[in-house]
Structures are given as C-alpha cells and as structure tokens.
Amino acid sequence: MVLGATARFKSIDVDLKKEIDRLSGQKVDMCYLCGKCTAGCPVAPYQDIPPHIVLRLAQWGSSKVLESKMIWNCVACATCYTRCPNDVDVAKVCEAITQIAKREGIVADPVASALREKFVESVKNNGRVHELPLAMAMKVATKDYLGDLDVGIPMFFQGKFPLFGHQIKDLNNFQKLFNSKKAKKEGDK
Amino acid sequence: MQTYAYFPGCSLETSAKEYDTSTRAVFDKLGIGLKEVPDWSCCGSSQAHKVDRDMAAAIAGRNLVLASEIGDIVAPCASCFMSLKEAAVELEHDSEIRDTLKENGLEYLPGSVRVISTVEAAHNALEKGMFEGKITKPLKNLKVASYYGCLLVRPPKIAQFDDVENPMSMDRLMEAAGATPVKWSHKTECCGNAYIMVDKDMTLNLVRNILNAAVSAGADVVAAACPLCHMNLVMRQPYMMQKYGLKSEIPIVYFSQLLGTALNADEQDLDIDGEVMRLINKRRQEANEVKEVG
Ligand code: SF4
Ligand code: SF4
C-alpha cells in the first residue's frame with residue numbers, strides 16, 4: 001500500500017489526485033470529511049470503504065483507492081452530491097477513479113465493470129439497449145446462469161424480452177459519436 | 001394543442017410496455033400531444049457516463065437535436081430524464097461535444113429544448129387545471145405510496161424539479177385521482193438500479209427497505225415512475241419474504257396506470273394487473289359503504 005502523492009502510474013504522468021480532479025471535474029481537496037455522503041449512501045454498508053474515505057484517499061493521492069470496491073459500486077444516485085456542503089460530486093469522483101484503475105489494470109469489481117462495458121457495447125451495436133442479450137451477458141459475467149429465470153422466462157413469454165430488438169436507422173452516424181475526438185482524447189490517454 | 005417530443009426509452013419498448021401505453025393514454029385524455037422523437041437512440045442511462053462522460057453527452061445529445069424539431073422533450077423513465085437533462089446542461093457549455101454532434105450532421109442550438117419528466121408534465125397539467133372534470137373514476141380510499149426514486153429529483157441542480165428530500169408532485173397527482181397519498185420515509189431512496197445484475201444481495205436489501213417502509217406506512221400500492229425501479233420493486237417479492245425479511249407483498253404500479261384508471265382510459269392501454277384492479281374496486285366499494293352508513 002502506498003500512501004502519499006509520490007506514487008507514479010504507467011498511464012498518467014501527474015500525481016493521482018490531479019488526474020482524479022481532471023477526469024472528474026471535481027476538486028477533491030474541497031472535501032472536509034464531514035461524512036454526510038457516507039451517512040446517506042445506500043450502498044456504503046455493503047462496500048469495503050465508505051465514500052468519504054474514497055475522498056480521503058484521493059486527497060492523499062493514495063494508490064490504495066484504486067483497489068477499492070466502493071468506486072465500482074457507486075450507483076450514481078446523487079444523494080451525496082445533493083447533501084454535500086462543499087458541492088463535491090462523489091459519483092463523478094468514483095467514476096473517474098474506476099477509469100484510472102481500469103487503465104492500471106486494477107479492477108476490484110469485474111462484474112460492475114462488465115455491466116458498464118456490456119451496456120455500452122449493446123448501445124453501440126444497435127443504438128438501443130437490448131435487455132435480454134444484456135441480461136444474458138451479465139449472467140455469464142456473474143456465473144449466475146439460473147438465478148433470474150423465474151422472472152426472465154415469464155417476461156420472455158409475455159413478449160417483454162424480444163429476442164431481436166430494434167435497431168435504429170441512422171446507426172452509422174450514431175456509432176461515430178463513440179469515436180469523437182474528445183471521447184478519444186480522454187479514453188485513450 | 002400542446003405537443004411534446006416523446007422519448008420512450010429502451011425499457012418502454014420491452015419490459016415496461018404498459019408504462020408506455022398507459023403514459024400515451026393519460027396524455028391523450030389530458031389533450032396533450034406526444035410525438036415520438038424520430039429514430040431516437042439510447043440515452044446512455046446510468047452506465048454510459050461511467051465509461052466516458054463526453055461520449056454519454058454526445059449520444060444523449062443526439063436525441064435532443066432530433067427532439068428540437070418537435071418541441072420540449074418529455075421522458076417517462078427517470079433515468080432517461082436525467083441523462084437527457086444532464087446532456088442538455090453539458091452541451092450548453094461544452095462546444096467540443098457540440099462540434100462532435102455537428103460533424104455528424106446534428107446541430108445543437110443551446111437552449112433549444114427543455115427536458116422534463118412525465119411526472120412533471122402531468123403535474124404542470126394539474127396546475128393548469130387540465131384534470132378538471134376528467135377524473136370520472138376516482139381511486140377512492142386507495143392508499144398510494146408515491147415512489148420517486150433518485151433521478152426525478154436528484155441532483156437538484158440539474159433536475160430542477162420539486163423538493164429534493166420530500167417531493168410532493170406525484171402525491172398531488174394521486175390526490176387529484178381521488179387516491180389517498182401516504183406519508184412515508186423512502187420516497188427518494190435508491191432501488192439499486194442496474195446493480196441488480198451486479199450485486200443481487202445488496203440490491204435486494206435496498207429494495208426490501210423501500211417496500212417495508214411502504215408497507216409500514218399502510219400503503220395499498222406503490223406508484224413508480226421508472227421502469228428500472230419498477231422492475232426491481234416487483235421482482236422476487238416472495239423470495240424477499242422468505243430470505244430478506246420483507247413484511248408482506250405489495251403491488252407496484254406505474255403512476256400513469258393509476259392516473260389513467262381515474263381518467264377512465266382504455267383498459268387495454270393501462271394493462272393493470274387483475275389483482276390490483278380488484279383491490280382498487282374493493283377500496284372504492286368500501287368508500288361507498290362508509291358513505292351509505294354515514
Ligand atoms: S459530504 Fe462532501 S465534504 Fe462531506 S465527506 Fe462527503 S464529499 Fe466530503
Ligand atoms: S452517488 Fe454513489 S457515493 Fe453518492 S450516495 Fe449514491 S451510491 Fe453513494
């Protein structure tokens with residue numbers, strides 16, 4: 001475990017705190033550790049560290065924060081941001097840290113990571129999300145092949161989960177939005 | 001006639017068909033036009049921004065451009081509402097994302113389209129008196145827990161709608177429909193959204209808390225305004241009773257299904273579960289009996 005701002009990472013040439021600030025558009029130093037975010041966070045009780053500790057580790061530029069499960073399981077409910085006295089958008093901080101962690105090859109919650117990737121893949125392929133293939137892909141990711149069949153099969157027969165979803169007409173131009181200059185600049189850095 | 005650009009969102013095409021048809025039926029009854037955004041694409045929901053915020057704003061922004069030909073955009077799904085509105089804010093001050101859209105033939109003019117939820121649109125109609133004389137089948141005696149979830153009201157800087165800790169707009173709509181809104185604690189607690197696919201145990205704990213709060217408050221039904229919330233709240237109630245300490249099962253309906261019932265909209269469009277309909281009628285009957293005795 002490295003505490004302090006001295007750690008260097010292969011994908012970034014500034015210290016970790018600056019990179020978190022840059023990607024999240026937040027200033028983690030604004031946080032004064034009051035714990036209000038943690039008090040209202042619905043997922044905090046089920047994580048390794050609570051949101052205000054994510055902020056603390058980010059302030060220290062500690063690489064330990066990249067290993068946290070909390071950053072992946074923030075559900076972006078915005079309760080913390082709504083109540084934070086210093087206007088820190090913790091969800092954006094968590095999301096920025098996951099992006100850095102991913103670049104560093106550290107994925108503390110592969111299933112949460114799979115969800116966002118499969119989701120974006122599904123959108124990119126069709127322009128819309130197809131729930132059934134997404135749910136199936138997630139079943140493979142979680143190795144939970146039978147868990148939801150009680151719900152999925154009735155829905156399937158009610159025609160709620162069609163096998164072939166709708167594809168948008170202007171798919172070609174739509175897909176170009178994923179390769180925009182700006183998206184690339186940040187994604188590939 | 002007032003007409004909105006209507007953004008159904010992916011779930012309303014599949015798992016939440018009844019939310020789509022009941023929404024259209026309600027607005028039809030109110031005399032408000034809904035014109036579907038042509039060739040709309042996914043809003044990015046709660047996941048795309050986690051991968052890349054600029055990409056998320058661009059794909060949501062595409063819909064704003066397409067909608068601007070029709071008018072202000074209205075979304076039934078809370079997650080779509082927030083993604084679209086967040087994109088509108090981002091496009092307002094980020095010319096690079098606007099350029100990305102422009103390169104692909106989509107010119108966004110800042111301020112050209114306002115994003116609102118169907119709850120907000122219905123509530124605006126209520127304030128304008130557009131429900132008057134139209135509630136012909138009131139939901140007498142039905143106790144409704146209005147569940148707003150996260151993204152209809154949060155973050156308030158972007159949502160710009162209702163009170164963030166104790167919203168009342170849906171409660172007022174339910175009251176207008178003749179129902180009795182209950183006061184309860186979990187109106188805006190998170191249901192865990194798509195994390196049901198990541199951490200089932202965590203999500204079921206969150207859902208159990210919400211449902212138990214509604215049951216304890218004496219609600220007959222929970223009214224939802226988001227297909228993801230709806231799915232999480234509906235699924236696995238018997239299992240949660242066995243394993244997660246859920247006190248009792250409780251029906252989950254879309255607020256539009258309840259409003260539509262009171263507005264006497266077409267039953268097929270509303271597609272309300274038979275058991276819920278029996279409960280609604282039972283409560284109506286009780287209300288009438290009380291009247292007769294009194
Ligand atoms: S609520 Fe804001 S200031 Fe308080 S600990 Fe959380 S991020 Fe820091
Ligand atoms: S946005 Fe994330 S960190 Fe903030 S309260 Fe919600 S789950 Fe917790």
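Fair warning: this is a prediction, and the values are worked out from it, not measured in the lab. The analysis underlying the following values was restricted to heavy atoms, covering all of them including side chains, and did not include hydrogens, waters or symmetry mates. Chain identifiers are assigned alphabetically (A, B, ...) following the order of the sequence lines, protein sequences preceding nucleic acid strands; residue numbering begins at 1 within each chain.
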- Query: How far apart are the closest heavy atoms of B:Lys50 and A:Gln99, and which atoms are they?
  - Reply: O-NE2, 2.8 Å
- Note on the structure: Rounding to 0.5 Å, atoms CZ (A:Phe174) and CG (B:Asn63) come to a distance of 8.0 Å
- Query: If you count heavy-atom pairs under 4.5 Å between each of A:Arg128, A:Arg116, A:Gln47, A:Glu95 and chain B, which one has the most?
  - Reply: A:Arg128
- Check B:Pro155 against A:Thr82 and note the closest heavy-atom contact, atom names and distance. CA-OG1, 4.0 Å
- Message: If you count every heavy atom of other residues, nucleotides or ligands that lies below 6.0 Å from B:Glu267 atom CD, does the total exceed 12?
- Response: no
- Query: Distance from A:Lys124 atom NZ to B:Met55 atom CE, nearest 0.5 Å?
  - Reply: 8.5 Å
- Take A:Ile168 and B:Arg62, measure what side chain to side chain contact (heavy atoms under 4.5 Å, CB included) needs, and give me the verdict at the end. CA-CA 12 Å; A:Ile168 65 166; B:Arg62 175 181 181 272; 4.0 Å; yes
- Message: Is B:Val51 in contact with chain A via its backbone, its side chain, both, or neither, using a 4.5 Å heavy-atom distance?
- Response: both
- Closest non-hydrogen atom pair, A:Pro42 against B:Leu206: O-CD2, 3.4 Å
- Applying a strict 4.5 Å limit to non-hydrogen atoms, the region of A:Cys74 in contact with chain B is backbone
- Query: Tell me, side chain or backbone of B:Asp39 under 4.5 Å from chain A's heavy atoms, or both, or neither?
  - Reply: both
- Note on the structure: Among A:Asn173, A:Asp109, A:Thr98, A:Leu115, the residue with the most heavy-atom pairs under 4.5 Å to chain B is A:Leu115
- Task: Mind ranking A:Lys102, A:Lys92, A:Glu117 by heavy-atom pairs under 4.5 Å with chain B and telling me who comes out on top?
- Result: A:Lys92
- Query: Do B:Arg154 side-chain atoms and A:Cys80 backbone N/O form a donor-acceptor pair below 3.5 Å?
  - Reply: no
- Query: Is it true that B:Glu165 and A:Arg83 have a side-chain N and a carboxylate O under 4.0 angstrom from each other?
  - Reply: yes
- Message: Heavy-atom cut-off 4.5 Å, strictly under: side chain, backbone, both or neither for B:Ile59 against chain A?
- Response: both
- Under 4.5 Å to a heavy atom of chain B? For A:Val120 that would be side chain
- Query: For the atom pair CD (B:Gln47) and CZ (A:Phe119), what is the distance rounded to the nearest 0.5 Å?
  - Reply: 6.5 Å
- Over all atoms of both residues, closest heavy-atom pair of B:Ala58 and A:Leu177: O-CD1, 3.8 Å
- Item | Which atom of B:Tyr195 lies closest to which atom of A:Trp72, heavy atoms considered | OH-O, 2.6 Å
- Which bit of A:Val123 is near chain B, if near means a heavy-atom gap under 4.5 Å: side chain, backbone, both or neither? side chain
- Item | Interchain contact, B:Thr203 with chain A, by part (heavy-atom threshold 4.5 Å) | neither
